[in-house]
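Proteins get letters first, then strands, A, B, ... in listed order; numbering begins at 1 in each.
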Protein chains: 2
Amino acid sequence: MGRTRSFDRDAALERALEEFWRHGYEATSIAGLTAAMGINPPSLYAAFGDKRRLFAEAVERYQETHGAFSTRALTEEATARDAVERLLREAADVYTSTTHPPGCMIISAGVNTTDPGVIAELRGHREGAKRVIRERIEHDVRSARLPGDTDTAGLATYYAAVIQGMSTQARDGASRTDLERVAALAMRAWPAELLDGAPGRTA
Amino acid sequence: MGRTRSFDRDAALERALEEFWRHGYEATSIAGLTAAMGINPPSLYAAFGDKRRLFAEAVERYQETHGAFSTRALTEEATARDAVERLLREAADVYTSTTHPPGCMIISAGVNTTDPGVIAELRGHREGAKRVIRERIEHDVRSARLPGDTDTAGLATYYAAVIQGMSTQARDGASRTDLERVAALAMRAWPAELLDGAPGRTA
DNA sequence: TCGATTCTGTAGTGATCGCTAAAGAAAGGG
DNA sequence: CCCTTTCTTTAGCGATCACTACAGAATCGA
């Protein structure tokens, strides 16, 4: 059924992802993309549609690979505190890894972008992540591990802000240990836990 | 001495500042600037040099006006704790004010920008602010208000990250009270203070 | 009033933006 | 083999980028 594609679509998508990660949506040009992907513009458009759809695929791939640690941390730990602590620690690790651009693509790639669809797409992912944090904390409130008057939305906003600050610090050159110290300090805001089987103490 | 300028240079600079604040350096076009400033390109170039120098003047103006609360908070309070607490509280206020774009121009305007000079200029301001925070904390360590083993650099990085996260949250639509809650939670990381005249306790 | 000077608007510079028409190259089916 | 299909390359589309040549308009000193 015709000539076969001469490049690895998945590998090219990963290169495009890293371009968008490093330079953001708008500052990444088709010329920069094709150079990084090792192909010519018509091959890019035939395989991925256009710049906007290529970006959407790159974001999807990011969530399934580099950004998947977030969902794992929040679902695989026994307590909300362990989940958030692991989330911050793994963010410190991923954001400063030298095998890919620094920081978080979901946080930085849409900054200073004109396209409203791109802004909404990334903001939706950020709001979704914040909601997952809040729901994980709410679960521990319902199971009486955390006080009933815990400000779950406030804590979720706080940890979302800390993670976004860590991403910015990483892009400014902060090291892994720098961010691990930020993560450790951020955990001091965690509310006093209620012990299992020890009823009554609310503060 | 020739024809007099027909527009208010200071007012035009403020409009340019807000354009750069909202859209960042690279995504702000000369066409957008001239439209916001109410002048034509030749007037802009005659009065401000070029886009790069106009941006530098806008950053300088920002530091002297919208961003001046930062230095004031860190120099006018009696203790480092009060200084940082005021810094966070005023940031929550300024970043969500509706009289100008949300967030902090120093933090966001250089994201996803290619020009290395712009990146270095803004990063320099961020590093400078972080250094001022650290020096304010070190002052309280020297005066024995804070423990001698306080990780001043770690605390400075942490509060810098929190402020950067607050800026991102503001640009995502967070309210003033949202950011005030973030500020309050962030203060839980503050080390235990040593009381004046009560010697010895180091933790 | 007049020349000198400086600002202003019009209009356009070359370069780059995202994107694509056209034609040659490589694969499958007959 | 040849025809069809799909990929590839070259080349260039209109639009926008930062920036400016040019000439008219406005203000100065004389």
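Across all strands shown, B:Thr34 has no heavy atoms under 4.0 Å from either base or sugar-phosphate atoms.
Proximity of A:Ser43 to the phosphate of D:dT8: a side-chain N or O atom is located under 4.0 Å from OP1 or OP2. At the phosphate of D:dC7, neither OP1 nor OP2 sits under 4.0 Å from any side-chain N or O atom of A:Thr4. OP1 or OP2 of C:dC7 has not a single side-chain nitrogen or oxygen of B:Ser6 nearer than 4.0 Å. Neither OP1 nor OP2 of D:dT20 sits under 4.0 Å from any side-chain N or O of B:Tyr45. For the pair A:Asn40 and D:dT8, the criterion of a side-chain N or O lying under 4.0 Å from OP1 or OP2 is not met.
Remark: the A:Thr157 side chain and the B:Arg181 side chain contain no N/O donor-acceptor pair separated by less than 3.5 Å.
Protein atom CZ of B:Phe48 is 18 Å distant from nucleotide atom C1' of D:dT20, rounded to whole Å. If you take CD1 of B:Ile39 and C1' of D:dT20, they are 15 Å apart, rounded to a whole angstrom. Between the CD atom of B:Glu26 and the P atom of D:dT16 there is a distance of 18 Å, rounded to whole Å. If you take CE of B:Met37 and C1' of D:dA18, they are 14 Å apart, rounded to a whole angstrom. Rounding to whole angstrom units, CG of residue A:Leu33 and P of C:dT16 are separated by 17 Å. Counting to the nearest Å, the P atom of D:dT9 and the CZ atom of A:Arg5 are 13 Å from each other. Separating the CZ atom of B:Arg9 from the C1' atom of C:dT6 is a distance of 15 Å, rounded to the nearest angstrom. For the pair A:Ile30 CD1 and D:dG14 P, the interatomic distance rounds to 19 Å; values are reported in whole Å.
A:Arg61 has its side chain within reach of A:Asp10: a pair of non-hydrogen atoms, C-beta onward, lies under 4.5 Å apart.
Distances from the side chain of A:Pro42 to the nucleotides D:dT9, C:dC17, D:dC17 place D:dT9 closest. Of the candidate nucleotides D:dC7, D:dA25, D:dT20, D:dA25 has the atom nearest to the side chain of B:Arg3. Of the candidate nucleotides D:dC7, C:dC19, D:dA26, C:dC19 has the atom nearest to the side chain of A:Lys51. Side chain of A:Pro41, nearest nucleotide from D:dC7, D:dC19, C:dT20: C:dT20.
Ring pair B:Tyr25/B:Phe55 is perpendicular by interplanar angle, where above 60° counts as perpendicular and below 30° as parallel. Between A:Trp21 and A:His100, the two ring planes are parallel [angle under 30°; tilted spans 30° to 60°].
Place A:Gly49 and B:Gly2 on DNA chain C by their nearest nucleotides, and B:Gly2 ends up nearer the 5' end.
The backbone N or O of B:Gly117 lies less than 3.5 Å from a partner atom in the side chain of B:Asp115, making a donor-acceptor pair.
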